[in-house]
Amino acid sequence: MKVPMVDMLAGYPPIKDEIEAAVKNVFNKANFILGEEVKKFEAEFAAHNGAKFCVGVANGTDALRMAYLASGIKAGDEVITSPFTFIATTETITQVGAVPVFADIDPVTFCLDPKSVEKKITKKTRAIAPVHLYGHPCDMDALMALAKKHNLLVIEDTAQAFTGKYKLGGTDWKMLGSIGQCGTYSFFPAKNLGAFGDGGAIVTSDQKIYDTLIQLRNHGSKVRYHHEMEGFNSRLDTVQAAILSIRLKHVEKWTEMRNKVAEKYAAALKGVCVTPVVPANARHSFNYYTIRFDSKAKRDNAQKHLTELGIANQIYYPITLHLQEAYKHLGYKRGDLPVCDAVQDTVFSLPMYPELSDEQIKAVTDAVKESVKVAV
Ligand SMILES: *Cc1c(COP(=O)(O)O)cnc(C)c1O
């Protein structure tokens, strides 16, 4: 049975008419740039995240770059982050003139290990950029405590984790992205809240950061042709905002469905490989469902078997950033971050989307089980 990694159209039929009407409405008004649908979506998205403000931007990468800039990160600063992420997290650190500093990850959650972060703090450190990888929350209690102790900013890369939650201090449920100074999101189609094209957003409850972001995304201007600073052309499209408003109403239900798929995967794969752990103080948003094997050979073998059967699969991420050609000048080598080394060699991700059927789940888990029976 063929199973795709994601199926953007599986959840489309029930909302098709509503989306097409909303798009037509934007076309009829021709308010394509910063139309009222953008403001409306920003208000809804901020409220959903329990944040004061949201700024819609062109994509999740721009969201990161502008969040770093608006928080005051500048040339010569260091930002500590995970190398087990997409390069957008770190290329944008470099693009604002700062230096990404890589810390190791936790072997169970695959997110930043606060103990490793603490060892990387220097006089130049300005911020920590936790990445809630695959939708799993980072250890925000420990990271926020470190930030407080060393007077650092926290910018959360929430591209994979919208609708994920964390119980701060063991009592206070917070949406991921609303814990640090800023949280950044991507509406790339395959993310939990996907647009029908590119899109992104930043949430913050800091008025000054918000004011700066509003300017940065629109050439540094609040009033047309009056520029208090230089900025970018990075606005959330009105058509995408109209679509996102509609999809936002369903996203919590979709996350529940993702969690159900994850439970079924975990039940079927018990004792076969390591499946994701969801601690009591967290809600995982399962943008990706990642499994781990006890050897690279077993991982490679399982991947090969699934591919032969037409079951999509992907390693997120096959080469951690500290070992990429692009970061050679930073001087990291294998052995510097041992957990990252081990994890990149032994994980891969299974198909994951809300509408995945029981038959599809069985086909996927049967294939994984078959693959581990073969001695490698
Ligand atoms: C997708 C992603 C981004 C970038 O988002 P785009 O909208 O594709 O620019 C940033 N960080 C992480 C962790 C991502 O997965």
Side-chain angles (χ1 to χ4, degrees), residues 5-6 8 41 45 54-69 79-96 100 102-103 105 109-112 127-138 140 143 154-164 176-177 180 182-203 213 216-217 232-237 239-241 243-244 247 258 284-290 314-322 324 326-327 340 343-344 347-349 352-353:
M5 210 59 197
V6 291
M8 276 292 288
F41 172 71
F45 195 74
C54 165
V55 180
V57 298
N59 54 64
T61 307
D62 281 1
L64 281 160
R65 187 186 306 109
M66 290 188 276
Y68 294 140
L69 275 176
V79 180
I80 302 175
T81 191
S82 166
F84 199 48
T85 177
F86 183 51
I87 194 166
T89 313
T90 54
E91 62 189 356
T92 47
I93 294 172
T94 311
Q95 286 160 3
V96 305
F102 295 115
I105 57 172
T109 67
F110 310 129
C111 291
L112 266 182
I128 304 170
V131 182
H132 304 298
L133 197 75
Y134 310 140
H136 192 294
C138 293
M140 293 308 288
L143 293 174
V154 175
I155 290 126
E156 302 172 64
D157 183 343
T158 323
Q160 296 181 8
F162 174 52
T163 68
L176 298 181
C182 294
T184 68
Y185 303 81
S186 164
F187 306 127
F188 182 82
K191 311 282 182 180
N192 280 9
L193 179 64
F196 288 6
D198 276 311
I202 304 124
V203 303
L213 287 170
L216 280 176
R217 73 156 171 201
F232 304 95
N233 176 355
S234 183
R235 300 161 299 229
L236 178 64
D237 218 82
V239 172
Q240 298 304 339
I243 294 169
L244 286 165
R247 290 176 59 81
R258 288 174 184 274
H284 199 314
S285 63
F286 283 109
N287 191 212
Y288 297 128
Y289 190 89
T290 302
Q314 182 72 50
I315 303 174
Y316 301 106
Y317 291 90
I319 307 174
T320 50
L321 296 177
H322 71 296
Q324 294 274 1
Y327 293 115
C340 281
V343 166
Q344 68 188 315
V347 296
F348 78 98
S349 303
M352 173 49 92
Y353 54 91

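Start at 1 and go down the list; that is how both ligands and their atoms are numbered.
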Discussion item. What I want to know is whether F86 and ligand 1 share at least one N or O pair that is separated by under 3.5 angstrom.
Written reply: no
Worksheet, complete the sentence: Honestly, for T61 the part within reach of ligand 1 (heavy atoms, under 4.0 Å) is both
Discussion item. So which atom in I87 and which in A326 form the shortest heavy-atom distance, rounded to 0.1 Å?
Written reply: CD1-CB, 4.4 Å
Worksheet item: For atom 11 (N) of ligand 1, what is the nearest protein heavy atom, given as residue, atom name and distance?
Response: D157 OD2, 2.8 Å
Worksheet item: For the residue pair G180 and E156, what are the closest heavy atoms and their distance?
Response: N-OE2, 2.7 Å
Worksheet item: What is the minimum heavy-atom distance between D198 and Q240, and which atoms define it?
Response: O-CG, 3.7 Å
Worksheet item: If every non-hydrogen atom of I155 is compared with every non-hydrogen atom of A67, which pair is closest and at what distance?
Response: CG2-CB, 4.1 Å
Practice prompt. Provide the closest heavy-atom pair for Q160 versus H132 in the form atom of the first, atom of the second, distance.
Written response: CB-O, 3.9 Å
Worksheet item: Is N59 touching ligand 1 with its side chain, its backbone, both, or neither, if touching means heavy atoms under 4.0 Å apart?
Response: both
Response to the item:
Here the pair of heavy atoms bringing T158 nearest to G177 is OG1-CA, 3.3 Å
Worksheet entry | Polar proximity ligand 1 side, T85 side, N/O cut 3.5 Å exclusive | no
Worksheet item: Is the shortest distance from a heavy atom of D198 to ligand 1 less than 4.0 Å?
Response: no
Worksheet entry | Heavy atom of the protein closest to atom 2 (C) of ligand 1 (residue, atom name, distance) | K191 NZ, 2.7 Å
